[in-house]
Amino acid sequence: MSVKAVTHLNFRGDARAALTFYQSVFGGDVTLVTYKDAGNVQDPSEADQVMWGQVTAGSGFHVMAYDVPSHLPWNRGENAYFVSLRGETAEEVTAYWDSLSDGATVLRPLGPAQWAPLYGMLNDRFGVTWVVDVVGEYAMP
């Protein structure tokens, strides 16, 4: 088993530009899934914004990012990141989730998602937002 924690940056319309910039700095590959790609468009003006994206480089550099939809609160610099915790098995991820949940505010309960066998989001007792999931292959709809 292995688990990996990755910084997950939050933007309001700038995720694509930020990921492209980070790729220019660190090299590697950019992967982007828009709200339209995922069939999750709630505001047509945001259809081409990034629902999930990442840069991964052979050096070990890895950062994830998305565009926070306009119906959710976002303030530049105040909630600019999550910690993404990804594991290979449901048992592993559930054990971390159960521990992180102690004293936390659950924002999305751990459960199946379109892009992962298990996914959940919480604010831990120290105010850090964690997105926790089981690594899965993303299937385009």
Side-chain angles (χ1 to χ4, degrees), residues 1-23 25-141:
M1 293 196 293
S2 73
V3 65
K4 184 175 187 178
V6 176
T7 301
H8 186 291
L9 305 173
N10 303 330
F11 298 94
R12 178 67 48 84
D14 292 325
R16 182 185 307 268
L19 290 169
T20 301
F21 172 72
Y22 299 138
Q23 179 196 31
V25 172
F26 297 102
D29 298 309
V30 174
T31 305
L32 297 173
V33 176
T34 66
Y35 287 97
K36 180 171 55 181
D37 293 337
N40 190 19
V41 176
Q42 296 181 27
D43 179 339
S45 70
E46 298 172 347
D48 292 322
Q49 291 186 359
V50 177
M51 183 175 140
W52 180 84
Q54 70 178 1
V55 174
T56 54
S59 64
F61 177 81
H62 187 183
V63 68
M64 298 169 69
Y66 94 122
D67 287 310
V68 178
S70 60
H71 70 275
L72 296 176
W74 180 83
N75 293 304
R76 184 181 183 120
E78 288 182 31
N79 56 341
Y81 73 94
F82 299 149
V83 178
S84 173
L85 183 68
R86 309 190 89 195
E88 296 177 359
T89 69
E91 295 78 21
E92 176 183 33
V93 165
T94 300
Y96 290 123
W97 175 267
D98 290 345
S99 294
L100 284 169
S101 295
D102 183 21
T105 301
V106 174
L107 303 173
R108 178 173 172 158
L110 189 64
Q114 179 184 359
W115 59 91
L118 282 178
Y119 171 84
M121 180 186 288
L122 60 79
N123 284 337
D124 73 15
R125 66 173 97 175
F126 303 103
V128 175
T129 302
W130 294 79
V131 290
V132 178
D133 68 346
V134 173
V135 176
E137 289 295 319
Y138 180 80
M140 299 297 279

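Quick caveat: nothing in here was measured; it's all calculated off a predicted structure. Residue numbers start at 1 and run along the sequence shown.
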Does a side-chain heavy-atom distance below 4.5 Å link [X] with [Y]?
X      : Y      : value
Val83  : Thr7   : no
Trp130 : Met121 : no
Glu46  : Val41  : no
Phe11  : Gln49  : no
Leu118 : Val134 : yes
Tyr35  : Gln42  : no

**Request:** Test Leu85 against Val131 for side-chain contact (heavy atoms from CB on, under 4.5 Å), laying out the working first.
**Result:** CA-CA 6 Å; Leu85 183 68; Val131 290; over 6 Å; no
**Prompt:** Taking all atoms of both residues into account, what is the closest heavy-atom pair of Asp37 and Leu32, and its distance?
**Reply:** OD2-O, 4.1 Å
[Y] backbone acceptor or donor facing [X] side chain under 3.5 Å:
X      : Y      : result
Ser101 : Ala104 : no
Asp133 : Val135 : no
Asp67  : Val50  : yes

Tell me which donor-acceptor pairs under 3.5 Å the side chains of residues 12-22 have, and how far apart each pair is, sequence neighbours excluded?
| from | atom 1 | to | atom 2 | distance (Å) |
| --- | --- | --- | --- | --- |
| Arg12 | NE | Val68 | O | 2.9 |
| Arg12 | NH2 | Pro69 | O | 3.2 |
| Arg12 | NH2 | Leu72 | O | 2.6 |
| Arg16 | NH2 | Asp48 | O | 2.9 |
| Thr20 | OG1 | Arg16 | O | 2.9 |

Partners meeting side chain to side chain donor-acceptor pair (under 3.5 Å) with [X] (sequence neighbours left out):
X      : result
Thr56  : none
Asp98  : none
Gln23  : none
Thr129 : Asn123

To the nearest 0.5 Å, how far apart are [atom1] in [X] and [atom2] in [Y]?
X      : Y      : atom1 : atom2 : result
Asp29  : Gln54  : CG    : CD    : 9.0 Å
Glu92  : Trp97  : CD    : CH2   : 15.5 Å
Asp124 : Asp102 : CG    : CG    : 10.5 Å
Trp52  : Met64  : CH2   : CE    : 5.5 Å
Met51  : Asn40  : CE    : CG    : 5.0 Å

**Request:** With sequence neighbours left out, write down each residue that passes ring pair (Phe, Tyr, Trp, His ring centres under 6.0 Å) with Phe26, or none if nothing qualifies.
**Result:** Phe61
**Item:** Trace of the side-chain contact (heavy atoms from CB on, under 4.5 Å) decision for Thr94 with Thr89
**Value:** CA-CA 9 Å; Thr94 300; Thr89 69; over 6 Å; no
**Message:** Can you see whether Trp74 engages Asn10 through a side-chain donor-acceptor pair at a distance of less than 3.5 angstrom?
**Reply:**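 There is no such pair between these side chains.
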**Asked** When you look at His8 and Tyr66, which way does the ring pair (Phe, Tyr, Trp, His ring centres under 6.0 Å) test go after all the steps?
**Response** CA-CA 8 Å; His8 186 291; Tyr66 94 122; 5.5 Å; yes
